[in-house]
Peer 1: 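Here you go, one structure.
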Amino acid sequence: MIAITATNDFVIKFANVNGSGSASANEMFARAIIRMGVPVAPRNIFPSNIQGMPTWYELRVSAEGWNGRRGGCDLMVALNAQTWDRDIAEIEPGGYLVYDSTRELPRSKFRDDINVIGVPLTAICAKEFANPTQRALFKNIMYVGVLTALLDMEFAVVEQLIAQQYRGKDKLIEGNRRAAKIGYDHAREHFACPLGLRIERSNGVGDRIFIDGNSAVGLGAVYGGATVAAWYPITPSTSVIEAFSAYCRKYRTDPDSGAARYAIVQAEDELASIGMVIGAGWNGVRAFTATSGPGISLMQEFIGLAYFAEIPAVIVNVQRGGPSTGMPTRTQQSDLVACAYASHGDTRHVLLFPEDPHECFTFAAQSFDLAERLQTPVFIMTDLDIGMNDRLCAPFDWDDSRCYDRGKVMSAEELDEGKSFGRYLDVDGDGIPYRTIPGTHPSKGAFFTRGTTRNAYAKYSEAGQDYVYNMERLRRKQDTARKLIPAPVLAEASQSTRYGVIHYGSTSPAMAEALAQMEADNVHVDALRVRGFPFADEVNAFIDAHEAVFVVEQNESGQLRSMLINEGDLNPKKLIRVLHYDGTPITARFIADAISTVIEDRKVQPLTPSLNKVMS
Amino acid sequence: MIAITATNDFVIKFANVNGSGSASANEMFARAIIRMGVPVAPRNIFPSNIQGMPTWYELRVSAEGWNGRRGGCDLMVALNAQTWDRDIAEIEPGGYLVYDSTRELPRSKFRDDINVIGVPLTAICAKEFANPTQRALFKNIMYVGVLTALLDMEFAVVEQLIAQQYRGKDKLIEGNRRAAKIGYDHAREHFACPLGLRIERSNGVGDRIFIDGNSAVGLGAVYGGATVAAWYPITPSTSVIEAFSAYCRKYRTDPDSGAARYAIVQAEDELASIGMVIGAGWNGVRAFTATSGPGISLMQEFIGLAYFAEIPAVIVNVQRGGPSTGMPTRTQQSDLVACAYASHGDTRHVLLFPEDPHECFTFAAQSFDLAERLQTPVFIMTDLDIGMNDRLCAPFDWDDSRCYDRGKVMSAEELDEGKSFGRYLDVDGDGIPYRTIPGTHPSKGAFFTRGTTRNAYAKYSEAGQDYVYNMERLRRKQDTARKLIPAPVLAEASQSTRYGVIHYGSTSPAMAEALAQMEADNVHVDALRVRGFPFADEVNAFIDAHEAVFVVEQNESGQLRSMLINEGDLNPKKLIRVLHYDGTPITARFIADAISTVIEDRKVQPLTPSLNKVMS
Amino acid sequence: MTYLAKPRLLSELQPRNELGYTRRDYEGAISTLCAGCGHDSVSAAIVQACYELDIQPHRMAKLSGIGCSSKTPDYFLGASHGFNSVHGRMPSVATGAALANRDLIYLGVSGDGDSASIGIGQFAHAMRRGVNMTYIVENNGVYGLTKGQFSATADKGSKSKKGVLNADSPIDLVALALQLGASYVGRSFSGDKEQLIPLIKGALRHHGPAFIDVISPCVTFNNHAGSTKSYDYVREHNEAVNRIEVIMSRHPIEASYAPGSLRRVVQHDGSVLLLRKLGTEYDPTDRIGAMNHLHERHALGEIVTGLLYVDEGAEDMHRNLNTVETPLNQLDDADLCPGSLALDALNASLR
Amino acid sequence: MTYLAKPRLLSELQPRNELGYTRRDYEGAISTLCAGCGHDSVSAAIVQACYELDIQPHRMAKLSGIGCSSKTPDYFLGASHGFNSVHGRMPSVATGAALANRDLIYLGVSGDGDSASIGIGQFAHAMRRGVNMTYIVENNGVYGLTKGQFSATADKGSKSKKGVLNADSPIDLVALALQLGASYVGRSFSGDKEQLIPLIKGALRHHGPAFIDVISPCVTFNNHAGSTKSYDYVREHNEAVNRIEVIMSRHPIEASYAPGSLRRVVQHDGSVLLLRKLGTEYDPTDRIGAMNHLHERHALGEIVTGLLYVDEGAEDMHRNLNTVETPLNQLDDADLCPGSLALDALNASLR
Ligand SMILES: Cc1ncc(C[n+]2csc(CCOP(=O)(O)OP(=O)(O)O)c2C)c(N)n1
Ligand SMILES: Cc1ncc(C[n+]2csc(CCOP(=O)(O)OP(=O)(O)O)c2C)c(N)n1
Ligand code: SF4
Ligand code: SF4
Ligand SMILES: [Mg+2]
Ligand SMILES: [Mg+2]
């Protein structure tokens, strides 16, 4: 029988039961590989449930550092009886199965074309540990030990990680170490180590850091100067606030008084959380909330208020599968339209699309400058895939000379100097008016904020011309926004080409890999990664410069494509949908296949409208 | 000085103070003209306020029966000191001013180029009526009497209307009649009657009826079999429910028990009202709510639930000026995108666009068939202009052989016969699954409804393929919807033309008039009135058949145009925006000017992309 | 996963109720909650209550919001239609359902996050509107499904698993329900099925808004020392004011309690609630007294349980709306459509 | 339009408060409400209260929802920033504002529709969260701005202008506020400025969530016979439990009441509330007693007014959150940004 052989380049999958403590063992295993200098990209596939349901941890080991999902599975660690059959079926021919052989299983439960490694984990634990909770927990770290041996990894690295993780809790260090060692020794004793798959020390990781996007957003909000966070728990956004809270405690606790230089309020729902953010933004702090689809739907009325009354606010939308409660623990990019045109009436909002934790940090910090400069809500559009999974990415950086851009805030001094103040007056031609913060001046600059129409001096007015003035100014403001948001990133093909591809957000690593694959197959496509909305001028220029442009998205209806067409008055025939929306992260393989097929077809048959069809 | 002369074709405007009781006098005056067989189109221009603020009643008298707003004012009845200056300024040169001359005004307060008719209304009332509230109220009917004389109308008609309106209240009849007569006599005594403007008996009204769109929707809901209405007050939709309630009392009170064959609940907010509608629809009745923009924003999460769980619901959106609280008493068509793609995730909803009260009735009745057939929310998109103003329109009709289409509801008998039931199974290929109503069968057909993803048998499932099956089926359902919604209405130009125009909803009368004006100017444009979304195939065919198509809308961003492009994959360059969005109803003049200018330009210079610019 | 479906075969031997249903007929899908979760005990109590009341499973509709608690309707009464709506908005959906068909029995199941945080508005209004339903909150003081944040019922000073003290005032749903017009109000504990089952039975038989707050510990996130919603804490601070027994109208009343300690409440449908007083002199028909007792004992740190209030003459929403006896969802075209003649007359009046 | 702006010239002659402001300095735009609307009297009381308390107008922030009542912040304190937010959601906006700057005085004005119907959830949570603000509901039992529908505070049996009887149980915001943790709770009547002005003063001086329910008749839609929120009805059923006098810390206390009938409450900022008991023996520091009294009298059809509850040791949200003394909106880049060195260290820990 064949056995897959690969070094630093394969996929391991752990099939576990949720709530069983496997998550931290799996993560430690991933870190161990990183410590050996080999890049990994892990993904949690978990249910909307607390305990007892299937959960998977998919770990892609990639010498080249591809962060996208690869698909397939070379080594399955199958520890969940409920999902046994499908887990076994998923293994690539010639792949490996590691399982708990304590209970004997009939031959029919296995496959002939895979390599089976049975370790009696439960039995060993029962023998080695007396305490029943210990037994259950140490089983997890024990299979880490087994894998360490099977994959030829350095046991010292695992030991180090255990020591770090349980620093100060000597008993736990000892127990975990022992469990890992038992597993390690057992494997070396009973199996030919290493398998065809192995990890070899390398320096593929470089200075990259390993963190999830939600933590990065939380940290970015600290660096961006956010002081108020109001939120309501919802998967997959909850950890944004948990991280913000932890980093605030660390960095924003007044050293003298121990008091907090921030305020975090768990609101009673999403209407209240966005209301608090708006109240806080109006009153001169940088405030944000984090939520997901259902929260976005609930916030619609308030978002319209912030837009029309022109109040800075940052909304982090960690997207999950929609519509409705949808797939709460799966990933999608399907809230673009709901955010870009949020609320009734004619609106248009600023969106940012970070690709990874590094940009989650950068954009989160920048979003507050944008929100205050533009006096409007700014959405950070991440998703479960980058939000809740650790990723290797460029280290965070910060320029200490950078100052927060608080935008056009009129001070008491300026008012005293006699600067004229019209809250909704476009004095600079960029559509952005001046504002004052409550409490600024005893007699000047106070105004009445409202969501109803008013004149440039914030007086209630039902006059058509006041309304039109305001709407036209808001349009100008959107043009200003276009210039301020992060510019798109161009990746040119090695040869000049008629084909372009536009993508955004968490699609980035799969896209990069797909481009490399296609280049290898002599298919050349220029790629533009869009990073914000309203779209920068470069986006239209890019589309103009190509005969056909693929738009790769993780939603069903091609939402970014619609926005491109609408906003750029582009011919839709030119924009070819590449859509993946079943809730799993998109793969390079999927993208490359979809694009290559169309390009191949076009070689045979020249450009016709009928070619423009949905790719998924 | 010139004096405008016109018979059955002019604009009168009443400038009043709100809460002063002028509304019913003005309306009676409009009815008097109709009773003389002359068509009128009135419009209330009112503030978001209860008492003491300016309000206008603009009455277009049009022999040809044009229902659109004309613009300008030939006769101003100026009864509000607050707005005197702008009211006087608005009168066309040669036009007429009627005012209360009790208090003398300086010459500077008038214009030289208008005809001034001063009637000491307050003084006469003070003399004639003892009771102070009577004095104030009868002043209104008194100016109606004055106008009756000035415009050469039949006093008997007014008398008749008074008798009808106050039937059973003899004192009121007498008082009102007397006040009207005093005004009538005063005018005939003091002025040369008639003015250049006059009403001449005709039969231009025919069998048309005079009613507002909101009442028509309420009546349509009764005819459509709605039994549950849950709502929350909001201008301009409140009268939909008031009408539904009144018609239900009239037509749906059980003759024996006096009990109600309907239930109307004033909910605590819009989230609750749509929730109740969904609960009721799930439980097998026809239910609806009526709201406006802010309510639509609040309903987003629930709309997504109804969409994804596939529950029939009808939502009447009487649109007003947005965004946010916006212009609560002005008209717009600016919630199309907020409704068509309501809620997070990939959604697409059914919209209907009635043009006038006749269609408000028809579509309201039909919407329940559509909602139950398609098992989805259906939006009736009216607006303040047709919702809250009386319109002459074709009489309502009803075919008694028509049966309600309850859609695919599986009965206990069918279940007993062994018909297989999968709640989300596409058995017929039209994307529409079968449902059962709670309580149907003791052991078969029960299922669990949820907004999370599930398989075709309504079991919770996080599997990607179950999700995709469902989303693809929903797409098919949308294709089915496309065929069921009211077809667009084509109005061909007298000559074949390269130009088309698409419009919808309350724009219809102004559009019809604009087409006639343009025809008269030898500008030929084919017109298509879109009546529903997802768009029928004819819409794309129409666009394909023309070189350029204008899209006339009452919003700032061209929302229907965006939807046309998105859904039809059309070249935006072909679709030229004609946008009017200051909150006043669009006029024929505006449309004809906008379209003619572009066509004129194109005669000089052939089709270039740059021509495609915003027209307002 | 406390409830494993028993193999079908056994059901032949199981006892049957008046309608011939076994207890099994009132069960649902296998629970996916954490082992030991209080919510599973509440599901079991609901199953038992429906079985004992001889309810036809399909004449009941189960509704919920979102949360671990709101998942539970999938785990009982598999032959009933269920509706797992959106977070915090079950009351409006239940109200709409009740409008559509006044003849079904409506059971709403919710959580403390679902009803006291995001859903407090809908909760309050459903109570005051008089929706004829049984509304059960499975109250654990935390958001279970989103992993243990405090909910609005968490007591001031209660300690989270991570050691954080709650600073906000708690919302007492029972006090609110009493104040807002619920006509049957009780509190119980998921660990006390002797009390819980009859309380649910009485509620299902009640005509009007019946509310039961069930303290139902979250073993995963809120069962530690320092929590005031743990099994241990509730057991220690539980003060039951009465024990209830529900007697169906067709059964003779055989009560073995000493006279004087018993109170008899006849409900709208003829069913009788027998209330045995415990400890304090407590009058369950005195709304103001009930509120007072609740507040006083709460101030002392006690959790008052039992049937706290019942209004024998309660009315429901349909009565207020004067709707016809026939459920609205059974009216047909002829009942509803006024027809063309009426329309012609109306047209004429509009000229 | 009850308040017509007086010509500027006069102000020279007007009396001035300690800060040198005239009453005029606390006024706002001209009211556009109906002549006689109760809300205008509440605005006048707010003006008077702020004038008497020597508040710097710009140190106050006015917030509201949507409704006739919610329009009123435009009609007082023209030199303060105001925020007319969305319907029913003022409390969250006020909470956010209060988080941003703990040093301003926050005044929320709302209606009964705004706070008891659509907004009851936010109202409840702002109270329990301890937002340091004065929250006034101008309660007329109807939706004024949308023309007279019943709101959730309309009493059961109250008659609408069109003759319809209200069937739903009323929501008593005072009872709710008491239950939910408000630390200053009063009720008054727009027609009784003697009572209302000091009540508002005490609230503005209170540290914590202060709630005042002001019955404020809607002359246009709810002032007829049969309404329980009409001027006449309220006058007849008003039962004041006390009269309050607010003494600023810098003033000596000179009270002329007989000892024994007076109760002295010292607030957080040193201001003193002198409460003269009327009629019943009423203890305004007994929360449970207050609730009880309220419920009992309500059952008798009486409208209890006065300062019903005050907690001298009240704490606010900032205390619970342990935020720094400096308002958050005055922290600068250096206070907030951890800088590049910290980031480098963090990067290192993530490898
Ligand atoms: C609009 C919305 N916001 C947030 C969530 C996330 N969410 C799901 S359940 C839940 C809380 C559930 O708490 P509770 O009602 O107490 O139920 P428990 O799990 O404790 O039984 C939250 C916040 C959601 N589903 N929808
Ligand atoms: C989301 C939303 N729904 C409905 C409305 C319409 N609306 C405006 S004010 C109001 C009720 C106001 O009642 P209340 O708060 O009692 O104020 P009052 O006018 O009686 O002072 C309503 C329903 C709105 N503005 N926004
Ligand atoms: S998390 Fe808590 S509430 Fe949820 S199932 Fe587990 S124990 Fe029950
Ligand atoms: S409608 Fe009523 S509440 Fe509104 S301004 Fe008039 S009197 Fe006041
Ligand atoms: Mg809970
Ligand atoms: Mg009100």
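Owing to the predicted nature of the structure, the values given are computational and were not obtained by experimental measurement. All values below come from the heavy atoms of this structure, side chains included, with hydrogens, waters and symmetry mates left out.
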Peer 1: Would you say that D/Phe83 contacts A/Ile278 through its side chain, given a criterion of any heavy-atom pair below 4.5 Å between the two side chains?
Peer 2: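 When only atoms from C-beta onward are counted, A/Ile278 and D/Phe83 do touch, with a gap below 4.5 Å.
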Peer 1: Examine whether an atom of A/Lys250 lies under 4.5 Å from a heavy atom of chain D, and if so say whether it belongs to the side chain, the backbone or both; otherwise answer neither.
Peer 2: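 Side chain of A/Lys250 only, per the 4.5 Å heavy-atom cut-off to chain D.
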Peer 1: Based on non-hydrogen pairs under 4.5 Å, which of A/Ala446, A/Pro442, A/Gly284, A/Ser273 is most in contact with chain D?
Peer 2: A/Pro442
Peer 1: Relative to chain D, which segment of A/Val205 carries a heavy atom at a distance below 4.5 Å: side chain, backbone, both, or neither?
Peer 2: neither
Peer 1: What are the two closest heavy atoms between A/Glu301 and D/His87, and how far apart are they?
Peer 2: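 Looking at all heavy atoms of both residues, the shortest contact is OE2-N, 4.4 Å.
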Peer 1: Tell me, for A/Thr452 versus chain D, whether the close heavy atoms (under 4.5 Å) come from the side chain, the backbone, both or neither.
Peer 2: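 A/Thr452 has no heavy atom closer than 4.5 Å to chain D.
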Peer 1: Which region of A/Ala263, side chain (C-beta onward) or backbone (N, CA, C, O), has a non-hydrogen atom less than 4.5 Å from a non-hydrogen atom of chain D, or is it both or neither?
Peer 2: both
Peer 1: Quick check: closest heavy atoms across D/Leu104 and A/Gly439, and the distance to 0.1 Å?
Peer 2: CD2-CA, 4.2 Å
Peer 1: Quick check on A/Asp397 against chain D: is it the side chain, the backbone, both or neither that has a heavy atom closer than 4.5 Å?
Peer 2: backbone
Peer 1: Output the option from D/Ala79, D/Cys337, D/Pro338 having the highest count of non-hydrogen pairs under 4.5 Å with chain A.
Peer 2: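 Between D/Ala79, D/Cys337, D/Pro338, the count favours D/Pro338.
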Peer 1: Do you know which of A/Gly451, A/Ala267, A/Ala287 has the most heavy-atom pairs under 4.5 Å to chain D?
Peer 2: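 Winner by heavy-atom pair count: A/Ala267.
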Peer 1: Heavy-atom pairs under 4.5 Å with chain A: which of D/Leu343, D/Asn329, D/Asn322 has the most?
Peer 2: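 Looking at each of D/Leu343, D/Asn329, D/Asn322 in turn, D/Leu343 comes out on top.
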Peer 1: D/Asp335, D/Leu321, D/Thr95, D/Val86: which one forms the most heavy-atom pairs within less than 4.5 Å of chain A?
Peer 2: D/Val86
Peer 1: Is there side-chain contact between A/Pro438 and D/Asn101, with heavy atoms separated by less than 4.5 Å?
Peer 2: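 Of all side-chain heavy-atom pairs linking D/Asn101 with A/Pro438, none is under 4.5 Å.
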Peer 1: Check whether A/Arg252 gets within reach of chain D through its side chain, its backbone, both or neither, counting any heavy atom under 4.5 Å.
Peer 2: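 Only the side chain of A/Arg252 comes within 4.5 Å of chain D.
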Peer 1: Between A/Val222 and chain D, which part of the residue has a heavy atom less than 4.5 Å away: side chain, backbone, both or neither?
Peer 2: both
Peer 1: Measure D/Arg128 against the heavy atoms of chain A and call it side chain, backbone, both or neither at under 4.5 Å.
Peer 2: neither
Peer 1: If I take atom CG from residue A/Asn283 and atom CZ from residue D/Arg102, how far apart are they, to the nearest 0.5 angstrom?
Peer 2: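 Nearest 0.5 Å value for the CG-CZ distance: 13.5 Å.
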Peer 1: Quick one: what part of D/Gln56 sits under 4.5 Å from any heavy atom of chain A, side chain, backbone, both or neither?
Peer 2: neither
Peer 1: At their closest point, which heavy atom of A/Gly275 faces which heavy atom of D/Ser92, and how far apart are they?
Peer 2: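 Between these two residues, the closest heavy atoms are CA-OG, 3.4 Å.
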Peer 1: Do D/Leu346 and A/Tyr247 make a side-chain contact, defined as non-hydrogen atoms from C-beta onward lying under 4.5 Å apart?
Peer 2: yes
Peer 1: If I take atom CG from residue A/Asp399 and atom OG from residue D/Ser340, how far apart are they, to the nearest 0.5 angstrom?
Peer 2: 8.0 Å
Peer 1: Quick one: CG on A/Asp269 to NE2 on D/His125, what's the gap to the nearest 0.5 Å?
Peer 2: 7.5 Å
Peer 1: Which bit of D/Pro73 comes within less than 4.5 Å of chain A, counting heavy atoms only: side chain, backbone, both or neither?
Peer 2: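 Contact with chain A is through both the backbone and side chain of D/Pro73.
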Peer 1: Could you tell me the separation between the CG atom of A/Leu392 and the CZ atom of D/Arg351, rounded to the nearest 0.5 Å?
Peer 2: 10.5 Å
Peer 1: Does A/Glu268 reach the side chain of D/Gln122, with side-chain heavy atoms less than 4.5 Å apart?
Peer 2: yes
Peer 1: Count the heavy-atom pairs under 4.5 Å between each of A/Phe210, A/Trp398, A/Tyr223 and chain D, then report the option with the highest count.
Peer 2: A/Tyr223
Peer 1: Taking A/Arg261 for its side chain and D/Leu331 for its backbone only, find out whether a donor-acceptor pair lies under 3.5 Å.
Peer 2: no
Peer 1: Enter the distance from A/Thr440:OG1 to D/Arg59:CZ here, rounded to the nearest 0.5 Å.
Peer 2: 9.0 Å
Peer 1: Which one wins on heavy-atom pair count under 4.5 Å against chain A: D/Ala348, D/Gly339, D/Ala94?
Peer 2: D/Gly339
Peer 1: Any salt bridge between D/Asp74 and A/Arg450, counting N to O under 4.0 Å?
Peer 2: yes
Peer 1: Where does A/Ala230 contact chain D at under 4.5 Å (heavy atoms): side chain, backbone, both or neither?
Peer 2: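 Answer is neither: A/Ala230 stays 4.5 Å or more from chain D.
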Peer 1: Where does the angle between the aromatic ring planes of A/Trp282 and D/His81 fall among parallel (under 30°), tilted (30 to 60°) and perpendicular (over 60°)?
Peer 2: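 A/Trp282 vs D/His81 ring planes: perpendicular.
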Peer 1: A/Tyr460 versus D/Thr32: any side-chain heavy-atom pair under 4.5 Å?
Peer 2: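 A side-chain contact is absent here, since even the closest heavy-atom pair is not under 4.5 Å.
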Peer 1: Heavy-atom distances under 4.5 Å only: say whether A/Arg35 touches chain D with side chain, backbone, both or neither.
Peer 2: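 Side chain only.
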Peer 1: At a 4.5 Å cut-off on heavy atoms, which part of D/Leu63 comes close to chain A: side chain, backbone, both, or neither?
Peer 2: side chain
Peer 1: Taking side chain as everything from C-beta outward and backbone as N, CA, C, O, which of these in D/Ser80 sits under 4.5 Å from a heavy atom of chain A? Side chain, backbone, both or neither.
Peer 2: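 Just its backbone gets close to chain A.
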Peer 1: Examine whether an atom of A/Ile437 lies under 4.5 Å from a heavy atom of chain D, and if so say whether it belongs to the side chain, the backbone or both; otherwise answer neither.
Peer 2: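 For A/Ile437, heavy atoms of backbone and side chain both lie under 4.5 Å from chain D.
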Peer 1: Check the pair D/Leu336, A/Thr227 against side-chain contact (heavy atoms from CB on, under 4.5 Å), reporting the backbone distance first and the verdict last.
Peer 2: CA-CA 8 Å; D/Leu336 300 176; A/Thr227 49; 3.4 Å; yes
Peer 1: List the atom of A/Cys403, the atom of D/Asp333, and the distance in Å for their closest heavy-atom pair.
Peer 2: CA-OD2, 3.4 Å
Peer 1: Counting heavy-atom pairs closer than 4.5 Å to chain A, which one of D/Asp344, D/Leu99, D/Leu341, D/Thr326 comes out on top?
Peer 2: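 Top option by heavy-atom pairs under 4.5 Å: D/Leu99.
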Peer 1: Which heavy atom in D/Thr323 sits nearest to a heavy atom in A/Tyr262, and how many Å separate them?
Peer 2: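 Answer, listing the atom of D/Thr323 first, then A/Tyr262: CG2-O, 3.1 Å.
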Peer 1: Which bit of A/Leu271 comes within less than 4.5 Å of chain D, counting heavy atoms only: side chain, backbone, both or neither?
Peer 2: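 Interface part for A/Leu271: both.
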Peer 1: Quick check for you: to the nearest 0.5 Å, what is the distance between A/Ile209 atom CD1 and D/Leu350 atom CG?
Peer 2: 5.0 Å
